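Please read these numbers as outputs of a predicted model, since none were measured by experiment.
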Amino acid sequence: MSKKLVIIGGVAGGASAAARARRLDEQAQIIVFERDSFISFANCGLPYHIGGDIKDRQALLVQTPESMKARFNLDIRIRSEVIDIDAANKEVVVKNLANGEEYRESYDDLILSPGSSPIMPPIPGINSPGVFGLRNIPDMDHIIRFINAEVPKSALVVGGGYIGIEMAEALIHRGLETTLVEMADQILSPLDVEMASPLHQEMRRNGVRMKLSNALTQIDSKDGGLAVSFANGDQEKYDLIIMATGVRPETKLAKAAGCKLGETGSIWVNERMQTSVSNVYAVGDAIEVTDLVSQLPAMIPLAGPANRQGRIAAEVIFGRDSQYKDTQGTAICKVFELQAASTGSNEKQLRKAGVQFEKIYIHPQDHAGYYPGATQIHLKLLFDPQTGRIFGAQAVGKKGADKRIDVLAMAIRAQLTVFDLEEQELCYAPPYGSAKDPVNQAGFVAANVVRGDSQVCHANTIDECSPDSLLIDVRNPSEIGVLGSIDTALNVPLPELRSRLSELPKDRTLVVFCAVGLRGYVAEQILRHNGFRVKNLSGGFTTWQMVKRQGR
């Protein structure tokens with residue numbers, strides 16, 4: 001007897017589960033309930049259609065109800081909202097939104113893919129006309145209609161996550177004067193604050209006003225616009241407000257079914273995507289996952305994991321021994337001309353988990369410097385100071401950040417160490433990379449630290465490197481004249497270092513630095529082999545500048 005599978009919700013998790021289920025069983029009865037009119041759409045592309053990068057709205061429709069039905073022989077019921085689950089009798093209660101009628105539908109197995117909903121904080125005036133969230137295609141359509149009809153001149157984006165950043169760029173492209181407000185001292189929280197500082201500069205360079213460490217407190221409809229009050233006392237007026245303050249998991253139906261919630265408030269599932277209720281599975285943004293590095297419960301709403309979870313749930317239902325192997329949060333964001341990518345844990349997460357770590361920074365070119373068009377990548381690597389196991393990585397640059405983070409994501413998944421990065425054989429031709437790829441370079445630098453061949457000092461704790469430290473800038477005077485240096489640093493250019501050793505004290509710890517760390521490392525070795533106590537400032541003056549600008 002064939003199974004009857006009911007799936008609540010489409011998009012990444014639900015649609016993937018439905019397609020995989022059909023491929024595994026041609027005879028199964030598969031019903032997908034979706035309260036909207038769109039069963040499978042590219043929600044990550046919504047801001048890019050608003051901004052005009054994606055011209056054709058239809059391009060966002062990965063599958064229509066008609067195409068999915070034709071390809072997979074699915075019973076797809078759009079504008080149908082499941083309002084209750086009777087787990088004891090294995091039935092769902094469905095409301096037809098077109099006519100208001102309610103009915104019950106039985107199931108053998110049930111997959112919950114309800115997703116998440118935008119957080120709309122309890123701010124006075126949050127429901128005023130001209131205030132929007134962005135979760136789905138109808139939200140996108142409402143924003144576009146408002147812009148086209150009202151022709152707003154100014155906009156406020158509330159929240160500096162992925163959607164907030166992408167919407168700020170979209171609104172700039174639409175010609176609106178755009179301000180972004182964020183409660184934290186940085187945008188894009190998966191990055192550590194110093195790695196976000198180039199993004200702050202890029203946003204401002206492209207005309208986005210940044211209000212960091214601030215918050216929206218009140219909205220008043222006034223004189224055809226929106227009068228806004230901020231936590232710092234500022235009062236300003238905007239024509240349009242986009243709320244991008246994060247998402248919360250949709251758990252109402254899971255609670256109705258009696259499903260256990262996890263520590264994060266999301267739906268608890270095991271590695272087979274099974275909830276605590278028999279024959280009920282859950283996937284996507286609404287579930288609690290285990291963080292791959294820290295092994296702590298987490299909510300990580302990303303499309304890639306949701307697709308894999310939907311596939312796994314279907315495989316388990318149809319008899320396969322599939323398991324989900326945790327989430328590491330690999331992600332990337334376009335910030336005007338920059339890429340910002342990350343994988344694994346950042347410093348904040350490692351500290352919260354009580355994990356001891358070390359870090360290094362490098363600032364290489366994305367391809368061979370002698371080939372035209374090379375641009376700088378800022379790359380940060382976090383690792384175990386004893387074993388060299390890789391915990392996380394972050395990269396920011398115009399080009400090439402994505403492929404380096406993809407390689408490092410695979411390294412983390414495979415539990416490789418920084419020593420393995422030294423040995424990775426990666427693509428090289430002058431237009432695409434270097435003989436020593438940035439991934440290799442990160443491995444060399446980190447492995448030197450773990451082996452004890454180099455001692456690093458960090459820009460954010462430079463005063464704590466040693467109580468008797470003396471900063472030595474080994475760059476050429478011409479570089480310092482253009483870029484400046486760190487106050488109190490003594491300039492001893494690297495080519496002169498061996499001849500000027502007598503000028504340096506052996507009873508103090510010397511902290512050497514250059515532009516990006518390489519000449520600093522060479523200077524460190526010269527000084528160490530001549531009996532000096534010495535540390536190298538990781539990432540050099542470039543990292544120091546990023547730290548100095550953090551939160552701005």
Output, in order, the C-alpha distance, side-chain angles, deciding distance and verdict of side chain to side chain contact (heavy atoms under 4.5 Å, CB included) for Leu212 and Ile187. CA-CA 8 Å; Leu212 300 175; Ile187 60 173; 4.1 Å; yes
Heavy-atom distance under 4.5 Å between the side chains of Leu490 and Leu471, does that happen here? no
Just how far is it from atom NZ of Lys548 to atom CG of Asn460, taken to the nearest 0.5 Å? 15.5 Å
Ion pair Glu236/Lys211, N-O distance below 4.0 Å: yes
For the pair Gln295 (side chain) and Leu292 (backbone), establish whether a donor and an acceptor sit closer than 3.5 Å, ignoring hydrogens and angles. yes
Does Lys436 have more than 12 heavy atoms from other residues, nucleotides or ligands lying within 6.0 Å of its NZ? no
Do other residues, nucleotides or ligands put more than 12 heavy atoms under 6.0 Å from Met410 CE? no
For the pair Lys403 and Asp366, find out whether any cationic side-chain nitrogen is under 4.0 Å from an anionic carboxylate oxygen. no
NZ or CZ of Arg475 within 45° of Phe541 ring axis and under 6.0 Å: yes
Geometric cation-pi criterion Lys380 and Tyr361, 6.0 Å radius, 45° cone: no
Report the C-alpha distance between Gln455 and Val449 in whole Å, list the side-chain angles of each, state the deciding distance to 0.1 Å, and finish with yes or no for side chain to side chain contact (heavy atoms under 4.5 Å, CB included). CA-CA 6 Å; Gln455 288 187 297; Val449 173; over 6 Å; no
To the nearest 0.5 Å, how far apart are CD in Gln218 and CZ in Phe230? 12.0 Å
Ser434 versus His367, side-chain donor and acceptor atoms under 3.5 Å: no
Kindly check if the number of other-residue, nucleotide or ligand heavy atoms within 6.0 Å of CZ (Arg498) is above 12? no
Only one of Gln394, Met195, Lys352, Lys359 forms a side-chain contact (heavy atoms from CB on, under 4.5 Å) with Asn346, so which one is it? Gln394
If every non-hydrogen atom of Leu134 is compared with every non-hydrogen atom of Pro47, which pair is closest and at what distance? CD2-CG, 3.9 Å
With a 4.5 Å cut-off on side-chain heavy atoms, are His49 and Met140 touching? yes
Sidechain-backbone polar pair: Asn476 side chain, Ser478 backbone, donor-acceptor under 3.5 Å: no
Donor-acceptor pair between Arg413 and Gln328 side chains, under 3.5 angstrom: yes
Verdict with supporting geometry, Glu479 and Arg519, salt bridge (charged side-chain N to carboxylate O under 4.0 Å, His left out): CA-CA 13 Å; Glu479 295 176 74; Arg519 284 175 291 172; 2.8 Å; yes
Can His458 and Glu194 be counted as having a side-chain donor-acceptor contact under 3.5 angstrom? no
Residues Ile241, Phe132; criterion side chain to side chain contact (heavy atoms under 4.5 Å, CB included); working and verdict: CA-CA 6 Å; Ile241 296 176; Phe132 299 92; over 6 Å; no
Using modelled atom types only, decide if a donor and an acceptor are shared between the side chain of Gln339 and the backbone of Ala401 within a distance under 3.5 Å. yes
Which residue in the set Val289, Thr290, Thr264, Asp291 passes side-chain contact (heavy atoms from CB on, under 4.5 Å) when paired with Pro297? Thr264
In the structure I gave you, are the side-chain heavy atoms of Leu497 and Leu504 within less than 4.5 Å of one another anywhere? yes
Would you check if the side chain of Thr245 reaches a backbone N or O of Gly159 as a donor-acceptor pair within less than 3.5 Å? no
In the structure I gave you, are the side-chain heavy atoms of Val456 and Lys535 within less than 4.5 Å of one another anywhere? no
Any side-chain heavy-atom pair of Glu166 and Leu46 under 4.5 Å: no
Picking from Arg204, Arg205, His200, what satisfies side chain to side chain donor-acceptor pair (under 3.5 Å) with Glu202? Arg205
For Arg135 and Ser116, indicate whether the former's side chain and the latter's backbone hold a donor-acceptor pair under 3.5 Å. yes
Of Ile462, Asp473, Ile472, which is the lone residue that meets side-chain contact (heavy atoms from CB on, under 4.5 Å) with Phe513? Asp473
A side-chain contact here means heavy atoms from C-beta on lying under 4.5 Å apart; do Ile332 and Asp406 qualify? no
Presence of salt bridge, Glu169 and Lys334, under 4.0 angstrom: yes
Do Tyr428 and Asp437 make a side-chain contact, defined as non-hydrogen atoms from C-beta onward lying under 4.5 Å apart? no
Would you mind reporting whether Thr543 and Ser538 have side-chain heavy atoms less than 4.5 Å apart? no
Decide whether Thr179 and Arg209 meet the rule of one side-chain donor and one side-chain acceptor closer than 3.5 Å. yes
Please indicate whether Glu177 has more than 12 foreign heavy atoms, meaning atoms of other residues, nucleotides or ligands, lying under 6.0 Å from its CD. no
Provide the closest heavy-atom pair for Pro198 versus His378 in the form atom of the first, atom of the second, distance. CG-CD2, 4.1 Å
Return yes if some donor-acceptor pair links the side-chain N/O of Asp420 with the main-chain N/O of Thr417 below 3.5 Å, else return no. yes
Quick one: do Val228 and Leu216 satisfy side chain to side chain contact (heavy atoms under 4.5 Å, CB included)? Show the steps, please. CA-CA 7 Å; Val228 170; Leu216 179 65; 2.8 Å; yes
Smallest separation among heavy atoms of Leu191 and Ala341, with atom names: CD2-O, 3.9 Å
Pairing of Glu422 and Arg451 as salt bridge, 4.0 angstrom limit: yes
Rounded to the nearest 0.5 angstrom, the CG-CD distance for Asn214 and Glu182 is 10.0 Å
Nearest 0.5 Å please: distance from the CE atom of Met299 over to the OG1 atom of Thr327. 11.5 Å
Heavy atoms only: give me the nearest Ala368-Ala374 pair and the separation to one decimal. O-CB, 3.9 Å
OG1 on Thr509 to CG on Asp468, rounded to 0.5 Å: 4.5 Å
Looking only at side-chain N and O atoms, does Ser16 offer a donor or acceptor that is under 3.5 Å from a partner on Asn307? yes
When you look at Glu423 and Asn440, which way does the side chain to side chain donor-acceptor pair (under 3.5 Å) test go after all the steps? CA-CA 7 Å; Glu423 307 300 328; Asn440 301 128; over 6 Å; no
Is there a donor-acceptor contact under 3.5 Å from the side chain of Arg549 to the main chain of Ser197? no
Thr387 side chain to Arg389 backbone, donor-acceptor under 3.5 Å: yes
Do side-chain atoms of Arg174 reach the backbone of Ile50 as a donor and acceptor pair under 3.5 angstrom? yes
Can you confirm whether the side chains of Arg272 and Gln323 place a donor and an acceptor under 3.5 Å from each other? no
Please determine whether the number of non-hydrogen atoms from other residues, nucleotides or ligands lying under 6.0 Å from atom NZ of Lys398 exceeds 12. no
How many angstroms lie between atom CD1 of Ile405 and atom CG of Leu379, to the nearest 0.5 angstrom? 5.5 Å
